[in-house]
Amino acid sequence: MTKTAIKPVLVIYTGGTIGMKKTERGYKPAEGFFSSALRGIPDLYDEGFPEWELYEMSPLLDSSNISVPEWNSIASIIFERRNDFSGFVVLHGTDTMAYSASALSFMLRGLGKPVVFTGSQIPLSALRSDGKDNLITSIMIAGEGVVSEVCLYFGGRLLRGNRAMKVSADGLLAFDSPSFPPLAEAGITIKYNTEVIASSVDDTATPTLSLFSAVPIGVLKIFPGIQFGLFEDIMTEKLSGIVLESFGAGNIPMGEGSLLPIIKKAFASGAVVTVCSQCPSGTVSLGEYETSSELVSAGAVSGHDMTTEAAIAKLYYLFSLGLDKDEIKRKMECNVAGELTERRSL
Ligand code: ASP
């Protein structure tokens, strides 16, 4: 009987702290620096370790500079090479990793293979780097193929990519997914949470690459005393997708100078307004309080327990598909790629 060859893992280095070099102007990625740091980690070349290949993007970027064109490039590389590899590791700066992981979860629907985002808070070449474990464990997860979705591994936990958020600017446990349990925890062994892995993500979809276009999207964080009138022109004339970061369960200030007429006008001019919460966990529940009751009649939709990162990525996705406004509104409230927990309205 011939043995089926196990495919290697493709490690895509996009930039980010894990491969950065200290310069006079602060940390920045430098070509070839990361690959030479890898040679100092013998475990990666161990016989029992999954085979892997490195693909270095050009230019290498601090993730603050990663947006739609880079998402399109990373997703295209993965899609085109999906049959050559058992899984993918995307090494990425931590600052926008949750946005990119969310974006790729929509761009690569039905891929059916692990895509593991990771990085580090301390460069691989520095003392006490957290990059070594993050990299080694991510390659193992990508090689094992137990998860077949876009996820994010950091500090011992594997999180669903479109549920993750960066929660610490300097801690080594820099990510969390407060509204969704970890897909796996890596202690002495990697323990997968199989029930959670099986839920929510629709794997029956055929592999599709959905590239994003530069949809004009805005995020408005509500705060006490906000003067809504100042935002009227951008919201009604310039933006297609708007994420409102509301108080608590979806509440906004009412009364004089309220946001509602602006939302109505934005909706009439083709914008889709999605209400997310400023709280990292819990869900938006429009209509629970008087202060959210009129949002729906004004044309806004509930983002339920979606992160702002996922809501932004989903707006890019749905608008890039060319769907009409009503279809986008409907889909924003439904689970598409495991990004939200659907909830019956009150
Ligand atoms: N500024 C860096 C980046 O996001 C931070 C990091 O990688 O941790 O690229």
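Counting starts at 1 for both ligands and their atoms, in listed order.
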Query raised in the report: Cut-off 3.5 Å, side chains only: do Ser102 and Asn162 have a donor facing an acceptor?
Result: no
Query raised in the report: Is it true that Glu327 and Lys331 make a salt bridge, defined as a side-chain N closer than 4.0 Å to a carboxylate O?
Result: yes
Report task. Just say parallel, tilted or perpendicular for the rings of Trp71 and Phe212, cut-offs at 30° and 60°. Result -> perpendicular
**Report entry** Carboxylate-amine/guanidinium contact Arg160 Glu149, below 4.0 Å
**Finding:** yes
Query raised in the report: Looking at Phe85, does the NZ or CZ of Lys113 lie under 6.0 angstrom from its six-membered ring centre and within 45 degrees of the ring axis?
Result: no
Query raised in the report: Are Lys166 and Asp95 close enough for a salt bridge, meaning some N to O gap below 4.0 Å?
Result: yes
Report summary line: Residue shell for ligand 1, any heavy atom closer than 4.0 Å, reads Gly16, Thr17, Met20, Asp62, Ser63, Gly93, Thr94, Asp95, Ser120, Gln121
